[in-house]
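Notes follow the structure.
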Number of protein chains: 2
Amino acid sequence: MSNDLDTVFAALADPTRRAILAMLLEDDMAVTDVADPFEMSLAAISKHLIILTKAGLISQEKRGRVKWCKLEPDALRAASVWMQGFGQFEPVNLDAFERFLEVELPVTDDP
Amino acid sequence: MSNDLDTVFAALADPTRRAILAMLLEDDMAVTDVADPFEMSLAAISKHLIILTKAGLISQEKRGRVKWCKLEPDALRAASVWMQGFGQFEPVNLDAFERFLEVELPVTDDP
DNA sequence: CGCATATTCAACCAAATGGTTGACCAAAAC
DNA sequence: GTTTTGGTCAACCATTTGGTTGAATATGCG
């Protein structure tokens, strides 16, 4: 039984894609600008964006020759709901979130 | 073991592994009993359990010839925290996040 | 128009993933 | 002891993944 959690979690499993999501958290971006800080080819980033789109994590809208990418947090929320099934979480740990921001957000260092 | 988001999300991306986690939510289980409801081989389930262990989502303890599997929600918690960053706020705002925590998620003791 | 820019497509590649079998080892049961 | 049970290991296989290039397709600009 393959549901959309498969694609959402698989999309989140790649550090490049998580870095892209972090970038889109700040603002909508064109594909070329998303690709800019990464060392890989534009085609590779384009593929990552397609994966994120199929997972519903972002949406892409073409205006002119520029395709704009926009964060769509609803899919993340769905995954989060799945996790609530494991309801034994302690409340969200702020320290962990801050550590995430320090480690994950500087996308220029991303492998 | 590792709380790396890569391995945690990759582990969660497989429906068999999510089903295993759901089973372990009810109680600790031996490897053979985990494998029982699935149609695949015991070796395949054993591999899935190793992946879950490496992701830190479960732990395995051998008592006698039986290896017991136990849910370890810490890694899930880390992933959940990561997702909260996207689900709740448009621009990441730590102050707002902290305020949100105080209002919406009052700290309680370990359940 | 002619050319640059933005993005994808197609073919290819190496490595990882998810599964299978059969041999193997340790612990328990008879 | 011998056999059964619990579980992993090793080798293999098919498919997917993440990346590369180079060509192709639009769109905008001078």
Side-chain angles (χ1 to χ4, degrees), chain A residues 1-24 27-70 107-111, chain B residues 1-2 4-24 27-70:
Chain A
M1 56 185 275
S2 150
N3 53 29
D4 52 350
L5 282 179
D6 283 30
T7 46
V8 171
F9 282 129
L12 292 176
D14 186 278
T16 300
R17 290 194 288 265
R18 288 199 308 277
I20 290 174
L21 291 178
M23 291 164 65
L24 292 178
D27 205 356
D28 300 357
M29 296 178 77
V31 172
T32 321
D33 294 332
V34 169
D36 203 48
F38 297 98
E39 307 250 310
M40 69 188 69
S41 70
L42 182 62
I45 296 293
S46 179
K47 282 188 187 177
H48 281 305
L49 291 170
I50 287 168
I51 290 172
L52 288 169
T53 301
K54 282 185 176 161
L57 289 163
I58 68 170
S59 60
Q60 292 181 287
E61 182 200 355
K62 195 169 178 182
R63 286 204 297 271
R65 63 179 168 179
V66 176
K67 203 167 194 177
W68 292 91
C69 307
K70 179 177 186 299
V107 294
T108 46
D109 294 338
D110 214 85
Chain B
M1 299 257 172
S2 156
D4 183 44
L5 284 174
D6 281 30
T7 47
V8 171
F9 282 127
L12 292 177
D14 186 279
T16 301
R17 290 194 288 266
R18 288 199 308 276
I20 291 174
L21 291 179
M23 293 165 64
L24 293 178
D27 206 354
D28 300 356
M29 296 178 77
V31 173
T32 327
D33 295 331
V34 169
D36 204 50
F38 297 96
E39 306 254 307
M40 68 189 69
S41 70
L42 180 63
I45 296 292
S46 178
K47 282 189 189 177
H48 280 306
L49 291 171
I50 287 170
I51 290 171
L52 288 169
T53 302
K54 283 186 176 161
L57 290 163
I58 69 170
S59 60
Q60 292 181 286
E61 181 200 357
K62 196 170 179 182
R63 286 203 297 269
R65 65 178 166 181
V66 175
K67 203 168 194 176
W68 292 91
C69 306
K70 179 178 186 297

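Lettering of chains follows the sequences in order, A, B, ..., and the numbering in each one begins at 1. Treat the numbers as computed from the prediction; the structure is a model and nothing was measured. As a basis for the values below, the full set of heavy atoms in this structure was taken, side chains included, without hydrogen atoms, waters or symmetry mates.
DNA chain D lies under 4.0 Å from at least one heavy atom of each of the following residues of residues 35-42 of chain B: Leu42(B).
Contacts of Ala10(B) classified as side-chain contact (heavy atoms from CB on, under 4.5 Å), with partners at least two apart in sequence or in another chain: Ala13(A). Every residue two or more places apart in sequence or in another chain was checked for a salt bridge (Lys or Arg N to Asp or Glu O under 4.0 Å) with Glu39(B), and none qualifies. In terms of the side-chain contact (heavy atoms from CB on, under 4.5 Å) criterion, residue partners of Met23(B) (sequence neighbours excluded) are, by chain and number, Met29(B), Pro37(B), Phe38(B). Every residue meeting the side-chain contact (heavy atoms from CB on, under 4.5 Å) condition with Ala44(B), not counting sequence neighbours, appears here in chain and number order: Met40(B), Ser41(B).
Distances from the side chain of His48(A) to the nucleotides dG19(C), dG19(D), dC9(D) place dG19(D) closest. Residue Lys47(A) has its side chain nearest to dA11(C) when only dA11(C), dC9(D), dG18(C) are considered. Taking only side-chain atoms of Ser46(B), from C-beta outward, the nucleotide of dG19(C), dT8(D), dT20(D) with the closest atom is dT8(D).
Along DNA chain C, the nucleotide nearest to Lys67(A) and the one nearest to Thr16(B) differ in position, and the one closer to the 5' end is contacted by Lys67(A).
Nucleic acid contact class of Ala30(A) (heavy atoms, under 4.0 Å, all strands): sugar-phosphate only.
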Sub-3.5 Å pairs of nitrogen or oxygen atoms, protein against nucleotides 24-30 of chain D:
unit_1  : atom_1 : unit_2   : atom_2 : d
dT27(D) : O3'    : Arg65(A) : N      : 3.3
dT27(D) : O2     : Arg65(A) : NH1    : 3.3

Just list the side-chain donor-acceptor pairs under 3.5 Å for residues 48-63 of chain A, sequence neighbours left out, or say none.
unit_1   : atom_1 : unit_2   : atom_2 : d
His48(A) : ND1    : Arg17(A) : NH1    : 3.1
Thr53(A) : OG1    : Leu49(A) : O      : 2.7
Thr53(A) : OG1    : Gln60(A) : OE1    : 3.1
Ser59(A) : OG     : Glu72(A) : OE2    : 3.0
Glu61(A) : OE1    : Arg63(A) : NH1    : 3.1

